[in-house]
Every structure is written in structure tokens, then in C-alpha cells.
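Below you'll find the structure, written out as C-alpha cells, and then a few comments.
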Amino acid sequence: MVHERQRTPRPPSGQDAAPYDPLDEGGQTLSEDAADGGGERVAKALARAGVASRREVERLIEAGRVALNGQVLTTPAVRVDPGDILTVDGEVVDEREPARLFRYHKPAGLVTTHADPQGRPTVFESLPEGLPRLISVGRLDLNTEGLLLLTNDGGLARALELPATGLQRRYRARAHGRITQERLDRLKAGVTVEGVRYGPIEARIDKAREGAQGANVWISLTLSEGKNREVRRVLESLGLKVNRLIRLSYGPLALGALEAGELEEVGPRVLREQFADFIAPEYMPKGDRPAYAPPRRKRPAGAARRAEAPDGLVEPPREAPAKKVYKAGWAKPKAPARPPRPARAKGKAAPGPKTRGATLLDRPEAKEVRGREAAPAAKGPAARPKAGRPAPAGARPSAKGGPKGSSKGPPRGGPRGAPKGPPRRG
């Protein structure tokens, strides 16, 4: 593969061999690279530009797909100086833009790679147009779904993948089999499966269900390493077979309400606050709003939204019953008529059993009280109190002498016809 020179030829000093360590994955800065001999390693430069990871860049160089200033590279032990022109498959690699990070809800059935030799659909083929070249932060298996982080910064992707960074990944797994919480608690000390040592894992049983075909259990797991097929292999060592696996969060970023296949960019402010230690100052994003605006969700009018079932599965929307069509001239059925109410006699309530909702005035005791109040007051001596009863305290005297309600006594002025006052002397 020969590329035309796009600027004035320069001495082939950029092709001079330099000490190269294939295991060098540290976070060297540009100044450190320059101190070693000037420029930046080509693999690191392409990774920072978002072309591919360092390992993938090495494969591209071995395949003869990378050129520097028009000369095809045959070794990754090459340094790139400011102003050099790098091309991959004949396309010029643009200058690196500020770091960007995306949240993507990966559905099951997609491979996390740019090109699959078997021709299976990939994650990057399903992304919308108008995005920069992105690489994934780690990978998800073919049948694993959930949160997948994508970025245009290879250095940021590498930093977020390292277990030393300490970012926790949360998963939710549905497995077939039976397990106890006591056995899951043993994973906190780590476990070795087929010679591979896995770090501490926190696992908790969310739900267990017995069915016709056996037992299914939902388990929430939190881990920090994220090795290849770690969750599946660890649970298989406990006698469980994982039939669904969802990643819920990666570090401070969560899946949230993203639907399968949706993409959303993380705001520049979040990158500055959460990942400033992993982004070079010259590539730190500015502003507050993300550059990518996802398309609005198109929902048919009146369509019911899909609801999540208790076991985590998505139920299909229910179809409305078909409306019955009547031919022209047919009489439509009338609504059933209500039965007539029984006629009531005038002045009397309709007899019937007492209901629970009857008021207090319908009770026999209330009727008796009302009868007493409605009866007229008795007149004559029968209404007077009987003789011999003491008068109540504080009773007023009546006009006939003596206190009201007391027995009859002598009149106030003595016997009738007697002179009033003391008798006169002579």
C-alpha cells in the first residue's frame, strides 16, 4: 500500500527504531514521551485520537494499514512529532478533539467490536450517524445486555478499564438453579475458577421462583475487575446457569431509563467532575451541554407503553379488543333496561330488612325517644310532684306558697281572715 505525500518530505528520522515495550500501557504524558526521544508513540497517538485501542493499532500496523507522512509503518516502535500526518486505510487521522463519553444500552445479539470475522452484527454498526470514531470501555458478551460506555479517547478508555481505578460494575443476573445467600456470601473473599483468580464479589438474592421446569433466581452482583465472562463463570462454579445478564452501572454512570439501542452523551461538566484525573488538560471538554442530541422517541398516539413485569421481563403491549361491525340495515342491540322499582305505599316506608348503612334515627331506641318528645305535656294535679318529696336545692318558691315542687303548706300570711301584724294595745 502506497500513499501519496501530502506535505514536504522530511528526513526519515521518524522511522528510527526506539526502545519499545509491548506491555507499556502506562499513562505516559506527551512530555514524558518527548523526554525519551521526542514525539509520542504511534500506537498511543492513534489510541488517543479514538482510532482503536493500542493493541488494535498494533494489529493495524502489522497489516500495513497505517502510514506516517506517506510511508507505511511496519513496526509500532515509531514516534510521531507535532505536524506529522498519520493515515489509516488511506484516510487522514484528524487532530484529536476534546474527550467525549457516551452511555449506550447494548441489546443482546450484538458483538462489541468494529468488525466481526463471522459477519455478525456489531455495536458500532448500530450507532447513529454523525458521531466521531468511538471505542468501547471494556466489552460485553454477545448475549449480555445493558450499559456500555463509548468514548473517543483511548487513554480515558484504558484508565476506566483498569482494576486499579476501582470503578465498580453492577450486574443483575437471572440464573437457573438453587442457591442460598450463605453460599453467595463466600464470594466476598474471592474465588478461583479453572485456574483464574477472581477478586471479591458482592452478591445478593433478589428473588427466587419455583416453576414447572425448576427454580429461577435473580441475583444482583457488584465487582471491580470485570474479567472476561467473569459473572457467568463464577455463578457456573456454584451450580447456576445464567440465562440473562444485564449491566446496570459502571462507576458513577448508570443505565437509567435508556431503552435498548439508545445512545446518550455524558455532559462535559460530569466529565470534569468525575474523570478529570484520567483526561489530559489540553483535551478536557469545555461547556456544560453535550454536543450530541439524541433523536426524540417516536411513539404511536394512544399506544400503551410497555410495562416491566415483576421478574424483569418486558411484557408486550396488550391489543384492544376488535370492535364489532354491523351491516347496513341491521338493528344495533339496545342497552338492557333496568328492572322497575317496587311501588311504595303512601305514608309508609317500603318494608325490608334493616341494612348496615341504616342511620341512628331508624333504630327502635331513637323512635321511642322521638315518641316521648312528641307527646303533649300533662296538665292538672297529675303533673304536680307528689307530697312528701323534698324540694330540690335552689328551687324558686311558687306563687301558691312554698318552694316550687314542694308539698302544700300554710299560706305566707297565715290563716285566711286573721289580722296582719301584732295586735294594738288599748
Side-chain angles (χ1 to χ4, degrees), residues 103-112 120-121 123 138-149 167-194 196 198-262 297 299 303-321:
R103 295 187 305 122
Y104 176 66
H105 187 168
K106 175 192 173 299
L110 297 182
V111 185
T112 312
R120 294 172 294 183
V123 167
R139 296 187 179 186
L140 290 179
D141 299 336
L142 175 67
N143 297 323
T144 303
E145 54 191 294
L147 179 63
L148 179 65
L149 300 183
L167 296 181
Q168 292 186 342
R169 292 87 156 164
R170 292 195 304 113
Y171 294 84
R172 195 162 187 252
R174 185 182 64 187
H176 182 74
R178 294 176 176 84
I179 192 68
T180 61
Q181 185 63 44
E182 182 180 0
R183 296 180 61 191
L184 290 177
D185 292 340
R186 299 174 186 173
L187 299 177
K188 295 180 179 179
V191 62
T192 301
V193 180
E194 298 180 357
V196 180
Y198 297 101
I201 300 176
E202 294 185 6
R204 182 185 72 253
I205 297 177
D206 293 337
K207 182 187 298 184
R209 176 183 296 179
E210 293 285 344
Q213 299 180 356
N216 281 323
V217 58
W218 280 97
I219 304 175
S220 295
L221 304 100
T222 304
L223 51 128
S224 301
E225 288 185 346
K227 294 181 179 178
N228 185 23
R229 300 179 65 85
E230 179 173 355
V231 174
R232 297 180 185 272
R233 292 178 178 176
V234 168
L235 293 183
E236 286 176 0
S237 66
L238 299 177
L240 299 175
K241 184 178 180 180
V242 178
N243 47 38
R244 189 178 183 187
L245 183 60
I246 308 170
R247 181 193 277 173
L248 301 179
S249 66
Y250 196 109
L253 304 178
L255 181 62
L258 281 180
E259 294 187 359
E262 285 189 343
R297 302 177 184 177
R299 298 181 182 272
R305 296 185 178 181
R306 296 183 298 175
E308 186 170 341
D311 59 349
L313 298 178
V314 177
E315 296 180 351
R318 298 180 179 179
E319 297 181 358

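Not measured: the values here are computed from a predicted model.
The closest side-chain heavy-atom distance from Tyr171 to Thr222 is not below 4.5 Å. With contacts defined as side-chain heavy-atom distances shorter than 4.5 Å, the pair Trp218/Arg204 does not qualify. At least one side-chain heavy atom of Leu167 sits under 4.5 Å from a side-chain heavy atom of Tyr250. Side-chain atoms of Leu184 and Ile205, non-hydrogen and from C-beta on, do get closer than 4.5 Å to each other. Between Leu187 and Glu202 there is no side-chain heavy-atom pair separated by less than 4.5 Å.
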Take Arg103 and Glu262 through the test salt bridge (charged side-chain N to carboxylate O under 4.0 Å, His left out) and record every step on the way to the result.
CA-CA 8 Å; Arg103 295 187 305 122; Glu262 285 189 343; over 6 Å; no
Decide salt bridge (charged side-chain N to carboxylate O under 4.0 Å, His left out) for Arg139 and Asp141; before the verdict, give the C-alpha distance in whole Å, the side-chain angles of both, and the deciding distance to 0.1 Å.
CA-CA 7 Å; Arg139 296 187 179 186; Asp141 299 336; over 6 Å; no
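A donor-acceptor contact shorter than 3.5 Å links the side chain of His105 to the backbone of Glu259. When atom types are taken as modelled, the side chain of Glu225 and the backbone of Gly199 share a donor-acceptor pair closer than 3.5 angstrom. Distance alone, capped at 3.5 Å, places no donor-acceptor pair between the His176 side chain and the Leu240 backbone.
Under the 3.5 Å distance criterion, with hydrogens and angles disregarded, no donor-acceptor pair is assigned to the side chains of Arg209 and Asn216. Side-chain contact annotation: Arg170 with Ser249, donor-acceptor N/O pair under 3.5 Å present.
For Gln181, the CD atom counts as densely surrounded, since its 6.0 Å shell holds more than 12 non-hydrogen atoms of other residues, nucleotides or ligands.
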Which atom pairs, donor and acceptor, lie under 3.5 Å between side-chain atoms of residues 230-237 and protein residues at least two apart or in another chain?
unit_1, atom_1, unit_2, atom_2, d
Glu230, OE1, Gly226, N, 3.0
Glu230, OE1, Lys227, N, 2.9
Arg232, NH2, Thr144, OG1, 3.2
Ser237, OG, Val234, O, 2.4

